[in-house]
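Just so you know, ligand 1 is whichever comes first in the structure, and atom 1 is the first atom listed for that ligand.
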Amino acid sequence: MTNEMPLVTSKEMLIKATNEGYGVGAFNANNMELVQAVIETADEMKAPVILQVSQGAIKYAGLEFATMMVKVAAELASIPVVLHLDHGTDFLQNVLCLRAGFTSLMYDGSAEPLQQNIAISRKITEIAHACGIPVECELGKIPKIEDNLTEEQVSNLMANPEAAEKFVEETQCDSLAAAIGSVHGMKEDIQPLDIGRLDEIRRRTNVPIVLHGSSGVLRTRKDAEEKGIRLKDHEGTVEDAIKHGVAKINVATELSLTFIRAMHAQLEKTPGEKDMRKILLPAKDAVKTRVREYIELFGCAGKAEVAGASGLSASEIKYHE
Ligand code: 13P
């Protein structure tokens, strides 16, 4: 039995989050256990959630599998779920995902010259909007840890607030992935954000703001203090970013690391294990704990207001071995 909760688009979900001052977790859907961990936890906490599929995940699982995993997960849950394309770096990928039933797209044209980024972003928003699907676009560049950049280089890649105003106007994007200091793929949460820049971008634009690379960002001021990291006046943490209007918070690396570490620990505990499910289940449970922490941090627990949702939730279903 399912609740037959259809996927929703990210449009209203992110506007509501912006207006009410909380963040929605956007977690990367890389395999079935991760999808289950995210959806079950969000369902238990009555939190709206975004499951996002990157081009890497599409290559790994295939577009059909990736799409169906999230669709089934949404049907089992009684919360609003968005199926989002994460970092679609070309036009065709966005169109294919639109056709596959994604309810939110992203065009990441940050590697292109600005005019090209604007032109392709606009082409995609035009097509997606005709189908009622919102599009996230990226301005500035959110680098990868593997790029080995200095603090100054990361700073130089950040989104320019004036350019952001023009970019949103010209692309008609529905949300903006603005580079404000985070770096993709970090294994430690130590990176501060440029909250002054975020304020200025928010002042000049009227769309929800997306934080990428959140695994590596300092979570709270208390964390910063405990880690001995002194924040400058304009700097802040994930907690601050939410207070200053960030609505969608992308987390991938930390969930992947959590899964891998838990598998390692289980393999060490039971080295002769022949049932792979007994290795994967503790990994899924470890991810659930981490997702719970994030949902608490983002303040979106209890924000899933779905009229008429009833029946079994994913977390209540008992599975046979
Ligand atoms: P992390 O892997 O650094 O958490 O970044 C995730 C992300 O921004 C996906 O778009």
- Query: Can you list every salt bridge (Lys or Arg N to Asp or Glu O under 4.0 Å) pair that touches residues 149-161, not counting sequence neighbours?
  - Reply: Glu151-Lys232
For residues 91-99, dump all side-chain donor-acceptor pairs below 3.5 Å to protein atoms at least two apart in sequence or in another chain.
{"residue": "Asn94", "atom": "ND2", "partner": "Asp90", "partner atom": "O", "Å": "3.2"}
{"residue": "Asn94", "atom": "ND2", "partner": "Met106", "partner atom": "O", "Å": "3.2"}

- Query: Applying the salt bridge (Lys or Arg N to Asp or Glu O under 4.0 Å) test to Glu200, which of Arg202, Arg204, Arg197 qualifies?
  - Reply: Arg204
- Task: Indicate whether the side chain of Thr125 and that of Arg122 have a donor and an acceptor atom separated by less than 3.5 Å.
- Result: yes
- Distance-only donor-acceptor check, side chains His212 and Glu136, under 3.5 Å: yes
- Hydrophobic cluster mates of Leu231, side-chain heavy atoms under 4.5 angstrom, ILVMFWY only, any path? Ile145, Leu149, Val154, Leu157, Val183, Met186, Ile190, Leu218, Ile229
- Counting only non-hydrogen atoms and a 4.0 Å cut-off, the residues near ligand 1 are Asn28, Gln52, Asp86, His87, His184, Gly185, His212, Gly213, Ser214, Ser215, Asn250, Val251, Ala252, Thr253
